[in-house]
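Each ligand, and each atom within it, is numbered from 1 in the order the structure gives. Residues: numbered from 1 along the sequence shown.
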Amino acid sequence: VGRRINLPELRCTVCGAAGEGGWRCRCGGPLDLPEAVVTGVDRLSGAGLRRYAPFVPLPAEMLERVSLGEGGTALVAAGDLPGVWLKLEFVSPTGSFKDRGAAVLVASALTRGAAALVADSSGNAGSAIAAYAARAGLACTVFVPSGTSPAKQGQIRAYGADLRVVGGDRSAAAEAAIAAVSPETGSTYASHVYDPMFLQGTKTFAYECWEQLGRAPDAVVVPVGNGTLALGAFRGFRELLAGGLVDRMPRLIAVQSERCAPLAAAWASGEAVPAKVPPAPATVAEGIAIRTPARGAQVLAAVRSTRGCVLSVPEAAIAPAQADLGRRGLLVEPTAAVAWAAALLLSRHPAMAAVAVDRSGWRDAGVSGTMVVPLCGSGLKTA
Ligand SMILES: [Zn+2]
């Protein structure tokens, strides 16, 4: 049992109780850290995620030790859509934004003396955690549902992880992972959904948007399954706001695939918790097909507080959005095209001329000014 650091106090996002050392609250709710205040930015140095080490509650040398050069992704103008910017998260060491969270999560596990990690994922988070575990010299077991694409399974194996394919859906993989954790042998549950350190990594997305634009955008349009990027972006901008570095929050426009949209359904009916949705028919947006997002209530509250909204895009909009990005020189996987589909639909772009949308759920979605759309996962994963 290794050296421990003094983490700021963990609190349950559901009942408000203090954390007791487990990976979630006694009530089942996910835990979170208090928000930091971003100050002293004139002293920031270096590139990528490590630039923001002063705002991550870990020893900087631990982040340095596990870093694979994540973060620092380019922000490029969309060109024909004025004010719209694309943030190239797919240009990350394992090909997705999950590297931001995985770097911090694995550095935290290493700091706490973990000997082995157990994770569950539909693909990209598993790859990211496997890669950073390899970098840190930690053994790693990743549980994935049987529907995970062969290419993503191969990527996880390539990082030396012990890949276990579980029959059933995403939640069956999570249950198998939790059952496999054995504190006696030093293994720890490295959950990108529950571990609050993951959001300490994804919050750097917001810091970068702020530094690249010189201010906060008016809106961030983000694909949402478990919501780890949406919540990270929210936290990052809140911390910038607390530090007086931005004068308001960007509106958070969260986007789901209509074939698996528990948050969009909750939003449409004014509910504060994810709606119960039936087992989804297959969607090409496999990375966000999450029926029961554990931090779903947190996502809905975050979106509401920014006067944003949750949308769902038709399945028929995803492939044209992916193709449109390809013609802009940007190769992303289908899941990563979901937010772009929403951005094109919002701006009534000709690429979406053939796609019919029920606009009733889009009444809150009028977006003007500067919009950032992250492109979350590489098309090389599915090419
Ligand atoms: Zn609780």
Side-chain angles (χ1 to χ4, degrees), residues 4-37 56-58 101-102 104-105 108-109 111-114 117-121 125 129 143 169-183 187-203 224-239 242 252 254 262-263 265-267 269-277 288 290-306 308 310:
R4 292 192 176 267
I5 59 166
N6 291 322
L7 284 174
E9 194 178 34
L10 288 163
R11 286 275 166 194
C12 176
T13 58
V14 175
C15 74
E20 295 177 21
W23 55 271
R24 63 179 171 182
C25 176
R26 195 177 283 184
C27 83
L31 302 170
D32 221 339
L33 289 157
E35 285 165 4
V37 178
V56 174
L58 281 178
V104 177
L105 184 156
S108 167
T111 305
R112 287 182 285 111
L117 305 181
V118 180
D120 55 272
S121 163
I129 290 169
F143 290 83
D169 66 4
R170 180 68 185 74
S171 56
E175 284 163 24
I178 292 159
V181 174
S182 163
S187 72
T188 188
Y189 183 36
S191 171
H192 65 286
V193 181
Y194 278 97
D195 191 326
M197 294 308 282
F198 198 86
L199 302 179
Q200 293 292 315
T202 56
K203 76 181 184 182
V224 171
N226 276 309
T228 53
L229 183 57
L231 289 172
F234 177 74
R235 167 174 289 267
F237 284 115
R238 290 266 299 185
E239 293 180 352
L252 209 49
L263 297 170
W267 184 264
S269 58
E271 298 294 324
V273 296
K276 290 199 168 29
V277 294
I288 53 169
I290 308 292
R291 287 176 66 206
T292 53
R295 291 188 184 271
Q298 217 181 334
V299 173
L300 291 165
V303 169
R304 186 159 282 118
S305 82
T306 67
V310 189

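Of all protein atoms, those of element N, O or S that lie under 2.8 Å from the Zn ion (ligand 1) number 4.
In terms of modelled atom types and a separation under 3.5 Å, the side chain of Arg24 and the main chain of Cys12 share no donor-acceptor contact. Although no hydrogens or angles enter the test, the distance criterion places no donor-acceptor pair under 3.5 Å between the side chain of Arg291 and the main chain of Lys276.
Summarising the geometry, atom CD belonging to Gln298 is positioned 4.5 Å from atom OG1 belonging to Thr13; distances are rounded to the nearest 0.5 Å.
Counting all heavy atoms, side chain and backbone alike, Ala114 lies closest to Thr188 at CB-CG2, 3.6 Å.
Judged by distance alone, the side chains of Thr228 and Asn226 never bring a donor and an acceptor atom under 3.5 Å apart. Looking at Tyr189 and Asp195, their side chains never bring a donor and an acceptor atom within 3.5 Å of each other.
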